There are 2 protein chains.
Amino acid sequence: MEKYRRIGLKLTPQRLAVLQYLEGNTDHPSAEMIYNEVKKKYPMMSFATVYKTIEALKKNGHLLELTIDSERRRYDPETGQHHHLICIRCKRISDIHKSFSIDVPAETQESFDIIGNHIEFYGICPKCKQKGGN
Amino acid sequence: MEKYRRIGLKLTPQRLAVLQYLEGNTDHPSAEMIYNEVKKKYPMMSFATVYKTIEALKKNGHLLELTIDSERRRYDPETGQHHHLICIRCKRISDIHKSFSIDVPAETQESFDIIGNHIEFYGICPKCKQKGGN
DNA sequence: GTTACTGCAAAGCTTTTGCATCCCT
DNA sequence: AGGGATGCAAAAGCTTTGCAGTAAC
């Protein structure tokens, strides 16, 4: 509670529900996933509120928008530096907490100010491997 | 021409225009960018055709769909392994042709079949730096 | 009491699709 | 001639927005 208040947002039940759902969540949910989950607890919850809350959290730096899934936006409450592993079959996204030392070529660094990087690993997850298909 | 025919698609003027626009293109264009550009040459060009051609090229492995820009899908005719540098201000995307040796942690490799990876570098491009803003 | 948030419905974008027509091969 | 491609317009997502009512501070 206190922790949430510090973000500087009014603490409504809806927001609290979203915040609690996101806390420690590693599913990289879409807006719809958040909506569906939170609606179980607060049936009055609307999509607009989900999107507006997402927007507020993004602005405050408490939520990252992932550009990993071309179908829909996904969100990540883990705002520290980390990378992702995406299953090309089921689109599940897992975290990779390991740091890599990678740098752009020197010529590029001279013209660009490099701020950060993000690695996407692609593969097939255990569950999808089991299901077969090859 | 011959080269295009080899992709196994019927060669209509519209497709040829799209193919020629994409050839060697490093702008990582969106469907709209393709449409606007090709329309200059073929005013009868429709959006549906652009999307359908994109779809056909993707299926044939001649075009990559990038999941770099959350606003819209971007496409890349360079289908070889390479990475990208994105300007967080203007969203311009540049290629990084350099290979990095990065591997997921061993535990992950045991459960996942890793197929590939893609690195996104974030930064501010020379033009945006000049414009200031900080 | 203010100010910000909620929820609805409408609107905005991007992308997809059905279908009649057209034209590569 | 046949089958795929085109283009239009409609539809389908996903996301945003205006606004009146409501609740947090």
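Every chain is numbered from 1 and lettered A, B, ... according to where its sequence line falls, protein lines coming before strand lines. All figures in this text were calculated on a predicted structure; none of them were measured in a lab.
- Across the protein-nucleic acid pair, Leu16(B) atom CG and dT25(C) atom P stand 10 Å apart, rounded to whole Å.
- Hydrophobic cluster membership of Leu64(B), counting Ile, Leu, Val, Met, Phe, Trp and Tyr whose side-chain heavy atoms lie under 4.5 Å apart directly or via other members: none, as it forms a cluster of its own.
- One N or O donor and one acceptor, one from the side chain of Lys10(A) and one from the base of dT3(C), sit under 3.5 Å apart.
- Straight-line distance from the CG atom of Leu11(B) to the C1' atom of dT6(D): 15 Å, rounded to whole Å.
- Side chain to side chain, Glu65(A) and Ser70(B) meet the donor-acceptor criterion of an N or O pair below 3.5 Å.
- The base of dG7(C) lies close enough to the side chain of Lys52(A) for a donor and an acceptor atom to sit less than 3.5 Å apart.
- Glu37(A) meets the side-chain contact (heavy atoms from CB on, under 4.5 Å) test with Tyr21(A), Lys40(A); sequence neighbours excluded.
- A salt bridge between Glu55(B) and Lys58(B) is present, with a side-chain N of the basic residue lying under 4.0 Å from a carboxylate O of the acidic one.
- Residue Tyr51(A) places none of its side-chain N or O atoms closer than 4.0 Å to OP1 or OP2 of dT16(D).
- No option in Glu78(A), His84(A), Arg74(A), Arg92(A) other than His84(A) meets the side chain to side chain donor-acceptor pair (under 3.5 Å) test with His28(A).
- Between Thr49(B) and dG7(D) there is a side-chain polar atom (N or O) within less than 4.0 angstrom of OP1 or OP2.
- For the segment residues 35-44 of chain B, the set of residues with a heavy atom within less than 4.0 Å of an atom of DNA chain C is empty.
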